[in-house]
Asker: 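Sharing a structure with you now.
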2 protein chains.
Amino acid sequence: MNNSRFPISLHILTLLDQMKGQYVNSDLIAGSININPVLVRKEIINLRKHGFVESREGKGGGTTLAKKSADINLADVYLAVKDKSFLGESKNQPNPKCPVGRQINTHLKDLYQEVEDTLLKSLGNQTLADFTGKFK
Amino acid sequence: MNNSRFPISLHILTLLDQMKGQYVNSDLIAGSININPVLVRKEIINLRKHGFVESREGKGGGTTLAKKSADINLADVYLAVKDKSFLGESKNQPNPKCPVGRQINTHLKDLYQEVEDTLLKSLGNQTLADFTGKFK
DNA sequence: CATTCTGTAATTATTTTTATTACAGTACAA
DNA sequence: TTGTACTGTAATAAAAATAATTACAGAATG
C-alpha cells in the first residue's frame with residue numbers, strides 16, 4: 001500500500017460524512033487534505049469501486065457517501081486501500097540457496113496473516129460514524 | 001518506518017538464530033537477504049542498540065544473538081524498527097481552516113494507537129524461537 | 001603487518017510517490 | 001445552445017524516499 005492511502009481515504013470519508021448529503025467536489029476535499037485534486041479523484045474512484053461513495057459528473061457534481069456512515073466499517077476501508085502489507089516486504093528476492101532465504105517469505109506471509117487478522121478485528125470494531133463522532 | 005526494515009531485521013535475527021553462537025559477517029547476511037551489506041550493517045546497529053545482537057569488529061568478527069531467541073519477542077523487534085505508523089501518515093499538513101483538517105490528525109493518532117496495541121499483543125505472542133522453529 | 005572484518009560518511013542510482021498539466025466528456029442552468 | 005463547473009483519465013514532471021555503491025578509518029586476528 002502506498003502508505004498514505006488509508007489516512008487520505010479516511011479523511012475523504014470523514015469530510016463527506018460531515019457534509020451529509022451534499023455532493024462535495026474534489027477541489028474542496030483536496031484543499032482540506034492539502035494534496036492534489038487528481039489524487040483525490042483517484043482515491044475516490046477506489047472508494048466508489050468499493051461502494052462507499054457515489055459521484056456525479058458535471059456542474060454541481062462531486063461525491064457523497066453511498067451508505068450511512070454507521071454502516072461503513074473501518075476494517076473494510078483498510079481492506080479497500082491496502083495493497084502492501086503493513087509490516088513491510090523486502091522487495092528483493094532472498095537467496096534461494098540459503099535455507100533461511102529460501103523459506104522466509106512463506107513464514108513471513110503466515111506471520112503477517114495472523115497479525116493482520118487481529119488488526120482487522122480491532123479496526124472492525126469501529127465504523128466511520130464512530131470515528132466522525134469524535135469531531136467537535 | 002521504511003517499509004522493509006521489519007522483514008530485514010527478522011531475516012537477520014532468524015539467520016543468526018540458525019547459526020547459533022557463530023559470529024556471522026554482514027556479507028553473508030546480505031547475500032541471504034539479497035541486499036547491500038552496508039544496509040545490513042546499519043540495521044544491525046539498530047538491533048544492537050536494542051540489545052538483540054552483539055558484534056565483534058576485525059577479522060573473524062561479525063554479529064551474533066545477544067540473548068536466547070526464546071527471549072526475543074517479535075513485538076519488541078517490531079518496536080525496534082518502526083518509525084512510521086503502519087497505517088500510514090499523510091505527509092502534508094491538512095488545512096487548519098477546515099474543521100476536519102484541523103482535528104483529523106489527533107483522531108487518527110488515537111485510532112492508530114488503539115490498533116497498534118492489538119497489533120503488539122498479537123506479535124507479542126511469538127518469540128524469535130517460535131518463528132525460527134518453523135524453518136525446516 | 002597483512003588480512004578481514006565493522007562503522008560510517010558521502011555520493012549516486014533507482015524507485016516510489018506526488019504534483020502538475022491537459023483535455024475529453026458530462027451535467028446543469030441561464 | 002452555450003458557458004461553466006465538474007469528473008475521469010492519461011501523460012509527464014518533480015520531489016522524496018529508499019537502496020546501492022564507493023571509500024576508508026579503525027579494530028581484531030594470526
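This one's a predicted model, so the numbers in the text were calculated from it and none came from an experiment. Just so it is clear: chains get the letters A, B, ... in the order the sequence lines come, proteins before strands, and each one is counted from 1.
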Asker: With heavy atoms under 4.0 Å as the rule, sort B/Asn92 into base, sugar-phosphate or nothing.
Answerer: sugar-phosphate

Asker: OP1 or OP2 of C/dT6 less than 4.0 angstrom from a side-chain nitrogen or oxygen of B/Thr63, does that happen here?
Answerer: no

Asker: Round to a whole Å and report the spacing from CG of A/Asn46 to P of D/dT7.
Answerer: 17 Å

Asker: Measure from CZ on B/Arg56 to P on C/dT4 and round the result to the nearest Å.
Answerer: 18 Å

Asker: Which one of A/Leu120, A/Leu10, A/Asn73 satisfies the side chain to side chain contact (heavy atoms under 4.5 Å, CB included) criterion with A/Tyr78?
Answerer: A/Leu120

Asker: We want to know whether B/Thr132 and B/Asp17 form a side-chain donor-acceptor pair, criterion being a heavy-atom distance below 3.5 angstrom.
Answerer: yes

Asker: Under 4.0 Å between a side-chain N/O of B/Asn36 and OP1 or OP2 of D/dA19, yes or no?
Answerer: no

Asker: Using whole Å, report how far CG of A/Asn3 lies from C1' of C/dT16.
Answerer: 12 Å

Asker: Could you state the atom-to-atom distance from CD1 of B/Ile8 to C1' of D/dA19 in whole Å?
Answerer: 9 Å

Asker: Whole angstroms only, please: what is the CG-P distance between A/Asn25 and C/dA27?
Answerer: 17 Å

Asker: Between C/dC5 atom P and B/Lys59 atom NZ, what is the distance in whole Å?
Answerer: 8 Å

Asker: Looking at the side chain of A/Arg48, which of D/dA28, D/dG8, C/dT6 is the nearest nucleotide?
Answerer: D/dG8

Asker: Rounded to whole angstroms, how far apart are CD on B/Glu54 and P on C/dG7?
Answerer: 12 Å

Asker: Check every atom of D/dT21, C/dA19, C/dC5 against the side chain of A/Leu39 and return the nucleotide holding the closest atom.
Answerer: C/dA19

Asker: Ignoring hydrogens and angles, does a donor from either the side chain of B/Arg41 or the base of C/dT8 sit under 3.5 Å from an acceptor on the other?
Answerer: yes

Asker: Take B/Gly62 and A/Lys42, find for each the nucleotide of DNA chain C with the closest heavy atom, and name the residue whose nucleotide sits nearer the 5' end.
Answerer: B/Gly62

Asker: Could you tell me if the side chain of B/Thr63 sits less than 4.5 Å from the side chain of B/Ser26, heavy atoms only?
Answerer: no

Asker: Counting only side-chain heavy atoms from C-beta out, which of C/dG7, C/dT26, C/dT18 sits nearest to A/Glu57?
Answerer: C/dT26

Asker: Nearest to the side chain of B/Ser26, which nucleotide is it out of D/dG8, C/dT6, D/dA20?
Answerer: C/dT6

Asker: Run the side chain to side chain donor-acceptor pair (under 3.5 Å) test against A/Lys109 and tell me which residues pass, sequence neighbours left out.
Answerer: none

Asker: Could you check how far CD of A/Glu43 sits from P of C/dA19, rounded to whole Å?
Answerer: 12 Å

Asker: Could you check whether B/Glu54 pairs with B/Arg48 (Lys NZ or Arg NE/NH1/NH2 to Asp/Glu carboxylate O, under 4.0 Å)?
Answerer: no

Asker: Contact class for A/Ile45 vs. all strands (heavy atom < 4.0 Å): base, sugar-phosphate, or nothing?
Answerer: sugar-phosphate

